[in-house]
Q: 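The structure that follows is given in the form of structure tokens.
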Amino acid sequence: MSDEGGSEKFSLSGFDFDARLKSFLEKKWGIASLFPPQAESLPHALDGSNLLLAIPTASGKSLVAHITMTNRLANDLKGLRGVYIVPLKALASEKFRELEEMATAVGLKVGLAIGDRSSEMTSIEDSDILVCTSEKLDSLIRGRPEIMDDIGIVVADEFHLLQDPNRGPTLEILLSRIRHRRSNAQLLALSATVGNAEEVAEWLGAKLIVSDWRPVALYSGTLTGLEVRYHSVEGPIGEGEPLPEEKHLEGGVQKNLHAVLDDTIGQMKQLLVFVSSRSSAQKEARELAKHVISRMAVSGDVIPTEKVANWELIAERVSSGDESSATVKALSNSIRGGIAFHHAGLTSSHRKVVEDGFKNGDLLCIVATPTLAQGVNLPASRVVVRDTRRWSTIAARSMPLPVMEIRQMMGRAGRPGFDDFGEALLVSKSTEEERALVSLYLEGEPEEITSKLANPNALRAEEDGALLTHLLSIIATAGIEDRDAISRFLDKTFLATQMDTENLEERVDDVICWLSNNGMIQRTGESEEVRIRIREVKSEGNEDEDWEDELPAWVGSASQIPGLEILPEERSGRRLEPRRGPAIFGFRKASLYESAEPVLPESPTMTYAPTALGSLIARLYLNPISGKLIHDGLGKAMAILSGEDDARQLSPLSLLHLAACTPDFLPLWPRKNDLDAIQEVLHGHERELLAESIDLEEERRMKGVLVVQSWMEEDRLESIEEEWGVQPGDLRSRVELLEWLLFAMRRILLEDEGFATKNRESHKTLFESIDEVYRRVRFGCRADILGLVAIKGVGRKRAREMSDALGVSSASDVSLLTERDRGKLANLRGWSPKLVDNLVKSASISDKRGR
DNA sequence: TGGATGTACTTATAGACAGCATGTC
DNA sequence: CTATAAGTACATCCA
């Protein structure tokens with residue numbers, strides 16, 4: 001952190017907060033004064049006002065949040081809890097480290113809650129500040145709503161993600177739930193610049209602070225051929241700062257990215273290049289690395305030798321322990337030329353190594369796909385956006401990226417404390433394209449953000465499940481249990497500000513009908529109490545201004561007209577019309593989504609209760625459609641095992657496929673080459689499949705199954721990658737998804753009374769089958785060595801070697817090994833007597849624990 | 001005739017949250 | 001409806 005570059009100084013002493021924090025900031029972080037937007041917003045934040053800060057990334061808006069959070073919790077909100085919500089696990093870890101450092105200065109404890117085994121050091125109960133992903137907090141709240149009761153302050157980072165079709169609805173409901181229960185809690189929303197910040201701020205009841213001030217000047221421009229032209233500047237001085245002259249990069253006929261890299265290296269700076277596909281990222285990294293190496297051969301003095309030596313170290317770190325997949329080989333080869341690529345085909349540990357190598361200043365350049373821009377803080381002196389369009393499979397054509405995304409990328413330029421200015425260049429191929437890019441991305445406004453909670457334009461099943469998921473959660477875990485209360489809860493969401501009431505009410509009725517028809521909730525009858533409450537609220541009119549002022553239009557008519565004369569014919573008539581286009585995508589196609597009869601509107605006084613299944617689904621954090629599919633599939637599996645169904649048969653494939661058929665699983669795109677193998681299994685093993693073909697993604701889902709099956713057959717990672725064209729990060733993510741879903745499947749079976757009483761023996765057999773598949777997926781091995789991988793320090797590889805060499809199959813076997821057998825193991829390649837000793841010790845521990 | 005090179009055509013395409021309870025090579 | 005990289009089948013060229 002640095003305060004250089006600011007024309008005005010706002011000394012910390014001018015602000016009213018804890019002296020311990022001020023001294024911490026000065027001594028530990030070297031912060032003696034605040035930037036103008038920080039200075040403007042901090043007093044309001046310290047007052048306890050809700051704020052929406054729409055300020056560029058890297059301008060220090062999280063400092064405002066950190067100071068406010070720690071100061072208030074240590075002083076005027078003593079004893080209460082703060083939550084810091086971020087969208088990514090990696091961001092949560094980053095914020096956790098920052099906040100922990102700062103919070104200890106005032107004696108507060110910070111906890112990290114992400115769905116990750118290793119990282120939850122501090123107990124959640126115990127922490128004053130909880131850093132979490134939105135899904136994890138939502139999940140915690142579902143299990144124990146009372147953890148909200150002592151929330152005094154909420155920070156929502158990257159708040160513009162509200163408009164993300166996949167992740168936005170969770171954030172929207174999460175905030176609505178917290179505000180519903182803790183209406184006095186302070187809210188600080190940190191957002192990128194968006195088109196409709198006023199509207200969002202109004203919804204949040206927040207004061208809006210907008211600024212494009214940056215601590216380091218940002219020159220934005222274009223790169224056409226070798227010509228660099230600057231078009232705008234945002235910086236510490238503000239309007240009127242002169243634009244740099246346009247310039248011609250040296251480099252003769254070579255490619256323009258090579259010329260930019262040379263120029264950047266010449267200035268001893270680093271470069272970040274954004275491209276639109278993984279293959280582009282790898283290709284550019286490969287070519288740039290080759291270019292660097294050939295340049296070093298010509299004139300060896302360009303790059304300090306210790307840097308070059310570090311490239312080798314970084315290259316070894318990315319490939320260490322790895323069986324050296326094609327992707328990892330490509331990465332380490334590029335790194336040997338000082339260039340890395342960064343995309344989701346890499347595992348998070350690969351990405352971490354790359355990020356650290358860049359932050360240290362060793363790597364010259366990272367070529368990345370767009371999401372690096374919304375990840376951890378990784379500034380570079382220069383940013384080049386090579387691709388401003390991205391292929392959309394859904395639209396089957398390339399689409400321009402949203403202004404907001406491009407701005408996020410460009411905003412990565414300029415390292416506070418190191419650079420006097422940053423440069424962000426958009427690559428264009430012609431002057432016409434250059435003009436278009438300038439007007440869209442440099443002069444144009446960013447998009448408005450909209451609610452995706454009930455996305456009428458949902459194109460994929462998983463984008464459409466939000467309302468289903470969250471209504472079940474609200475009924476099952478929030479104590480909002482009648483139709484009127486549901487309406488009033490939803491009326492406070494951002495969605496309600498954007499969708500007309502009648503339309504929304506229809507969608508809600510659809511969802512309730514689905515949840516009821518599929519055994520997630522029960523209608524528990526109309527309530528006189530609710531009727532009285534509605535009457536009272538209505539007659540009180542606008543007296544209660546918090547929740548009861550805007551009743552849905554139909555509530556009035558429903559209470560005036562007695563009985564069910566709420567125009568059922570008219571409404572059901574409208575319902576029969578295809579409101580959301582042909583059901584070509586996904587789950588609503590089959591009986592799964594639509595009921596045979598028209599849906600009648602729910603009475604506002606109707607009350608609901610979750611079923612045991614519904615309640616479990618909500619707590620397992622499953623999409624209700626996933627829950628339904630799994631539950632039905634388990635019913636079929638029970639029928640097979642009990643002998644009722646002898647046409648089908650049950651296998652590990654059955655269970656994997658069932659899990660992969662849910663909307664919570666992410667399918668893999670088959671290549672042309674994969675289709676034969678996939679079709680063969682789909683048809684050859686049809687008798688083993690428990691789930692119907694419920695969408696058009698059968699092949700994609702089966703590919704996911706086959707890849708994970710290959711993993712649990714102990715195939716080598718590199719051969720899986722080779723055979724299926726699936727990179728390490730993809731494999732990892734599918735393994736984790738199936739592991740999670742199989743765990744959920746096991747719980748659903750375990751807790752279902754119906755299954756358990758129907759046939760105890762089949763129930764037990766099925767439970768054991770799921771458990772075995774679950775563990776095989778988790779450890780990536782065949783069944784015979786499951787006893788060995790349970791030993792600490794033993795993975796699938798060592799387990800197989802032990803099994804092959806000695807025929808052992810359990811922790812108990814290993815703990816009782818003879819001296820001779822131990823010697824045999826120690827002589828294997830990659831083993832040592834010390835390792836064998838350690839493993840035998842931990843085997844006896846697991847053995848005791850297992851009994 | 002074999003091998004290098006060129007050309008037209010085909011194919012594929014970004015990302016990543018959640019449960020639970022201790023540790024991969 | 002302004003994409004682009006990589007792979008493939010096959011033609012062409014040259015020693």
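Note on naming: letters A, B, ... go to the chains in the order of the sequence lines (proteins, then strands), and numbering restarts at 1 for each one.
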Q: Excluding sequence neighbours, so at least two apart, what forms side chain to side chain contact (heavy atoms under 4.5 Å, CB included) with A:L675?
A: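 In terms of side chain to side chain contact (heavy atoms under 4.5 Å, CB included), with neighbours along the sequence ignored, A:L675 is linked to A:P670, A:E699.
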Q: Taking A:K255 first and then A:E284, would you say they form a salt bridge - that is, a charged N and a carboxylate O separated by under 4.0 Å?
A: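 Salt bridge: yes.
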Q: Who pairs with A:D771 by side chain to side chain contact (heavy atoms under 4.5 Å, CB included), at least two apart in sequence or on another chain?
A: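 So A:D771 forms a side chain to side chain contact (heavy atoms under 4.5 Å, CB included) with A:R746, A:Y774, A:R775.
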Q: Rounded to whole angstrom units, what separation is found between the CZ atom of A:R732 and the C1' atom of B:dC17?
A: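 The answer, rounded to whole Å, is 16 Å.
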Q: Using salt bridge (charged side-chain N to carboxylate O under 4.0 Å, His left out), reason through A:D752 and A:R747 one step at a time and then give a plain yes or no.
A: CA-CA 8 Å; A:D752 190 288; A:R747 282 282 297 275; over 6 Å; no
Q: Using a 4.0 Å heavy-atom cut-off, does A:R286 contact any base of the nucleic acid, only the sugar-phosphate backbone, or nothing at all?
A: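 Sugar-phosphate: the residue A:R286, judged by heavy atoms under 4.0 Å, touches backbone atoms but no base.
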Q: Can you sort out the partners of A:H343 under ring pair (Phe, Tyr, Trp, His ring centres under 6.0 Å), two or more places apart, ordered by chain and number?
A: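 Result, ring pair (Phe, Tyr, Trp, His ring centres under 6.0 Å) vs A:H343: A:F341.
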Q: If each of A:N673 and A:D664 is mapped to the nucleotide of DNA chain B with the nearest heavy atom, which maps nearer the 5' terminus, i.e. the 5' end?
A: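 Final value for this comparison: A:N673.
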Q: Pick the closest DNA chain C nucleotide for A:Q282 and for A:R397 by heavy atoms, then say which residue is nearer the 5' end.
A: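 Its nearest nucleotide being more 5', the pick is A:R397.
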Q: Go through B:dC17, B:dC20, B:dG15 for me and flag the one nearest to the A:R747 side chain.
A: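 For the A:R747 side chain, the nearest candidate turns out to be B:dC20.
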Q: Report the nucleotide, chosen from B:dT24, B:dC20, B:dT13, that has the shortest atom-to-atom distance to any side-chain atom of A:F743.
A: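 When the side chain of A:F743 is considered, B:dC20 is the closest of B:dT24, B:dC20, B:dT13.
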Q: For the side-chain contact (heavy atoms from CB on, under 4.5 Å) test, which of A:R278, A:H350, A:Q727 pairs with A:T327?
A: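 So the option named by the test is A:Q727.
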Q: On the side chain of A:R390, is there an atom forming a donor-acceptor pair with the base of B:dA14 - under 3.5 Å, no angle test?
A: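 Donor-acceptor pair under 3.5 Å: yes.
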Q: Would you tell me if any nitrogen or oxygen in the side chain of A:R800 comes within less than 4.0 Å of OP1 or OP2 on B:dT24?
A: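 The answer is no; no side-chain N or O of A:R800 sits under 4.0 Å from OP1 or OP2.
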Q: Checking all strands, does A:T133 fall into the base, sugar-phosphate, or nothing category for heavy-atom contacts under 4.0 angstrom?
A: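 Since only primed, P, OP1 and OP2 atoms lie under 4.0 Å of A:T133, the category is sugar-phosphate.
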Q: Mind checking what makes side chain to side chain contact (heavy atoms under 4.5 Å, CB included) contact with A:T224, not counting sequence neighbours?
A: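 Only A:T222, A:R229, A:S428, A:E434 meet the side chain to side chain contact (heavy atoms under 4.5 Å, CB included) criterion with A:T224.
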Q: Under 4.0 Å, counting only non-hydrogen atoms across every strand here, what does A:S276 touch: a base, just sugar-phosphate, or nothing?
A: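 If one applies the 4.0 Å heavy-atom cut-off, A:S276 turns out to touch the sugar-phosphate alone, with no base involved.
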Q: What contact category does A:I791 fall into here, base, sugar-phosphate, or nothing, at under 4.0 angstrom with non-hydrogen atoms?
A: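 Answer is sugar-phosphate: A:I791 comes under 4.0 Å of backbone atoms only.
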Q: Could you work out which one of B:dA16, B:dT24, B:dA18 sits closest to the side chain of A:L666?
A: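 Of the candidates, B:dA16 comes closest.
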Q: Just the rounded figure in Å: distance from P of B:dG23 to NZ of A:K792.
A: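 A:K792 atom NZ is separated from B:dG23 atom P by 5 Å.
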Q: Nearest-Å distance, CD (A:E739) to P (B:dC20)?
A: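 Nearest whole value for this atom pair: 13 Å.
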Q: Counting any heavy atom closer than 4.0 Å, what does A:Y774 reach on the DNA or RNA strands: base, sugar-phosphate only, or nothing?
A: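 Base contact.
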Q: Please give the distance between the P atoms of C:dT4 and B:dA14 as a whole number of Å.
A: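 To the nearest whole Å, 15 Å.
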Q: Measure the distance from CZ on A:R734 to P on B:dA16 and round it to the nearest whole Å.
A: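 My rounded result for the distance is 11 Å.
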Q: If only side-chain N and O atoms of A:R142 are considered, is one of them under 4.0 Å from the OP1 or OP2 phosphate oxygen of B:dA18?
A: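 No, no such contact exists.
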Q: One thing to verify: whether A:D674 and A:R671 come together as a salt bridge, which I'm taking to mean a side-chain N less than 4.0 angstrom from a carboxylate O.
A: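 Between A:D674 and A:R671 there is a salt bridge, with a charged N closer than 4.0 Å to a carboxylate O.
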Q: Tell me the stems DNA chain B sits in, counting at least three consecutive Watson-Crick or G-U wobble pairs, each under 3.5 Å on both distances.
A: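 Ordered by first number, the stems with DNA chain B (at least 3 consecutive pairs each) read B:1-13 with C:3-15.
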Q: Strictly below 4.0 Å, N to O, side chains only: are A:E718 and A:K329 in salt-bridge contact?
A: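 No, no charged N to carboxylate O under 4.0 Å.
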Q: When rounded to the nearest 0.5 angstrom, what distance separates NE2 in A:H160 from CG in A:L171?
A: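 That separation rounds to 10.5 Å.
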Q: For A:F779 and B:dA21, what is the distance between atoms CZ and P respectively, to the nearest whole Å?
A: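 After rounding, the gap between these two atoms is 14 Å.
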Q: Salt bridge or not for A:E172 and A:R177, using N-O below 4.0 Å?
A: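 Between A:R177 and A:E172 there is no salt bridge, as every charged N stays at least 4.0 Å from the carboxylate O atoms.
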Q: Going by the rule side chain to side chain donor-acceptor pair (under 3.5 Å), which residues pair with A:W831 if we only count those two or more places apart in sequence or in a different chain?
A: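 A:W831 satisfies side chain to side chain donor-acceptor pair (under 3.5 Å) with A:E801 only.
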Q: With a 4.0 angstrom cut-off to heavy atoms of chain A, pull out the first and last contacting nucleotide of DNA chain C, in 5'-to-3' order.
A: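 Listing 5' to 3', DNA chain C meets chain A from C:dC1 to C:dA6.
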Q: Assign A:R386 to base, sugar-phosphate, or nothing according to its heavy-atom contacts below 4.0 angstrom with the strands shown.
A: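 Counting heavy atoms under 4.0 Å across all strands, the contact made by A:R386 is with sugar-phosphate only.
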Q: Do we get A:R397 above A:W391's six-membered ring, with its NZ or CZ under 6.0 Å from the centre and within 45° of the axis?
A: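 No, A:R397 and A:W391 do not form such a contact.
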Q: Side-chain N or O of A:S134 versus OP1/OP2 of B:dC17: is the shortest distance under 4.0 Å?
A: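 It does not, given that no N or O in the side chain of A:S134 lies less than 4.0 Å from OP1 or OP2 of B:dC17.
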Q: Could you tell me which residues satisfy salt bridge (Lys or Arg N to Asp or Glu O under 4.0 Å) with A:R142, sequence neighbours excluded, listed by chain and number?
A: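 For A:R142 the salt bridge (Lys or Arg N to Asp or Glu O under 4.0 Å) partners, ignoring immediate neighbours, are A:D138.
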Q: Could you tell me which residues satisfy side chain to side chain contact (heavy atoms under 4.5 Å, CB included) with A:S733, sequence neighbours excluded, listed by chain and number?
A: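 Side chain to side chain contact (heavy atoms under 4.5 Å, CB included) check on A:S733 returns nothing, list empty.
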Q: From the set B:dA14, B:dG19, B:dG23, return the single nucleotide nearest to any side-chain atom of A:S139.
A: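 Comparing B:dA14, B:dG19, B:dG23 against the side chain of A:S139, the answer is B:dG19.
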Q: Contact class for A:R829 vs. all strands (heavy atom < 4.0 Å): base, sugar-phosphate, or nothing?
A: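 No contact.
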Q: Output one letter per nucleotide in nucleotides 4-11 of chain B: B when a protein non-hydrogen atom lies under 4.0 Å from the base, S when only the sugar-phosphate is that close, - when neither is.
A: -------S
Q: With DNA chain B as reference, determine whether A:R746 or A:Q374 sits nearer its 5' end, using the nearest nucleotide of each.
A: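 Its nearest nucleotide lies further toward 5', so the answer is A:Q374.
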Q: Let me know the distance between CZ of A:R775 and C1' of B:dC20, rounded to the nearest Å.
A: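 Nearest whole value for this atom pair: 15 Å.
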Q: CD1/A:I114 to CD/A:E135 distance, rounded to the nearest 0.5 angstrom?
A: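 So the gap between those two atoms works out to 12.0 Å.
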Q: NA contact type, A:S277, heavy-atom cut-off 4.0 Å: base, sugar-phosphate, or nothing?
A: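 Sugar-phosphate, no base atom in range.
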Q: Which residues in residues 83-90 of chain A have a heavy atom closer than 4.0 Å to any atom of DNA chain B?
A: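 Of all residues in residues 83-90 of chain A, the ones placing a heavy atom under 4.0 Å from DNA chain B are A:P87, A:L88, A:K89.
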Q: What is the separation between atom CD on A:Q727 and atom C1' on B:dG15, rounded to the nearest whole Å?
A: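 Rounded to whole Å, this separation is 13 Å.
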Q: For residues 612-621 of chain A, which residue pairs pass the salt bridge (Lys or Arg N to Asp or Glu O under 4.0 Å) check, not counting sequence neighbours?
A: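 Not a single pair qualifies under salt bridge (Lys or Arg N to Asp or Glu O under 4.0 Å).
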Q: What integer distance in Å separates A:N838:CG from B:dT24:C1'?
A: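 Between C1' of B:dT24 and CG of A:N838: 15 Å.
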Q: State whether the aromatic ring of A:W740 stacks on the base of B:dA18, taking stacking to mean ring centres under 5.5 Å apart and ring planes under 30° to each other.
A: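 Base of B:dA18: stacked against A:W740.
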Q: Could you tell me whether A:L622 contacts a base, only the sugar-phosphate backbone, or nothing, with contacts defined as non-hydrogen atoms closer than 4.0 Å?
A: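 No contact.
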Q: Under 4.0 Å, heavy atoms only, any strand: does A:G793 hit a base, just the sugar-phosphate, or nothing?
A: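 The answer is sugar-phosphate, as A:G793 gets under 4.0 Å only of primed atoms, P, OP1 or OP2.
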